[in-house]
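Notes for the one structure printed next.
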Amino acid sequence: MIIKYLGHAAFYIESGDFKALIDPFLRGNPQTKSRPGDFKELSHIFVTHGHSDHLGDTLEIAKRTQAKVVSNYEIVNYLMSKGLINVHPMHIGGRVKLGFGTVKMTSAVHGSSINEDGQIIYAGNPGGFVIETDGKKIYHAGDTGLMMDMKLLEDEMIDLAILPIGGNFTMDIEDAAKAVAMIKPKKVVPIHYDTFDIIKASPEAFEKLVKDAQVIIMKPDEEYRL
Ligand code: NI
Ligand code: MN
């Protein structure tokens with residue numbers, strides 16, 4: 001399985017026919033050289049919540065590639081109102097079998113709304129995803145503060161946890177290290193930092209705080225084989 005970090009909270013994951021984006025914020029993302037048009041063939045797009053740095057270029061990429069968009073009910077309805085047909089609505093706590101394996105939507109302590117023409121559109125509760133495919137389990141936390149619900153993820157036996165560390169809008173490095181202690185993943189990738197001045201953080205300092213998990217510090221546009 002190839003995991004490519006596209007900066008901020010965006011990832012591309014490929015394993016056989018499973019070619020997926022998570023939170024594809026590409027245009028306006030100062031950390032990545034990837035552009036929406038780079039993704040010619042995609043099977044799925046996962047969207048954790050409605051904020052523009054996560055919903056990103058979902059609509060454009062999904063329209064072009066016909067990738068199935070997996071998100072909460074409200075965001076899926078919003079995207080359907082914009083013409084998307086290949087969608088899968090789900091919600092917090094729900095798990096579903098799709099062609100590639102399973103996906104569970106997890107809770108996140110955060111906000112979720114879509115700003116459009118000065119209007120705020122309700123986008124349901126924010127979430128994260130536990131994606132199981134190719135015998136591996138990946139947890140993308142989305143944007144979240146530290147929460148006791150992370151303790152529930154210990155039973156999932158997560159191979160790779162993708163956690164925000166930038167502070168201000170999400171966990172900082174101290175809280176993210178506490179999250180790792182609760183989730184007990186084998187490996188962890190810190191994200192959602194240094195994109196903007198207000199979320200500056202040191203992934204090396206985070207690594208020093210983490211016990212019992214391998215910290216993988218990924219540079220934007222870098223690939224990792226899981
Ligand atoms: Ni957010
Ligand atoms: Mn965010």
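Each residue takes its place number in the sequence, starting with 1. Read the numbers this way: they start at 1 and go in the same order the structure lists the ligands and their atoms.
- In summary, the aromatic rings of Y139 and F129 are positioned with their centroids too far apart to meet the 6.0 Å limit.
- Nearest N, O or S atom of H54 to the Mn ion (ligand 2): atom NE2.
- Atom OD2 is the N/O/S atom of D53 found closest to the Mn ion (ligand 2).
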* To do: For H110 and T144, run side-chain hydrogen bond (donor to acceptor under 3.5 Å, both in side chains): C-alpha distance rounded to whole Å, both residues' side-chain angles, the deciding distance at 0.1 Å, then the answer.
  => CA-CA 5 Å; H110 193 65; T144 185; over 6 Å; no

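- Using cut-offs of 30° and 60° on the angle between ring planes, the pair F100 and F46 is perpendicular.
- Not one N, O or S atom of H49 sits under 2.8 Å from the Mn ion (ligand 2).
- Note on ring orientation: taking the six-membered ring where Trp is involved, the planes of H8 and H192 are tilted (angle from 30° to 60°).
- Look at H54 and the Ni ion (ligand 1): no N/O/S atom of the residue is under 2.8 Å from the metal.
- Looking only at N/O/S atoms, H110 comes nearest to the Ni ion (ligand 1) through NE2.
- For D143, the N/O/S atom at the shortest distance from the Mn ion (ligand 2) is named OD2.
- The atom of H51 that is an N, O or S and sits closest to the Ni ion (ligand 1) is ND1.
- Take the Ni ion (ligand 1) as the corner point: the lines to NE2 of H49 and to OD2 of D143 open at 90°, to the nearest 10 degrees.
- Side-chain N or O atoms of H54 include none that pairs as donor or acceptor with a backbone N or O of A10 at under 3.5 Å.
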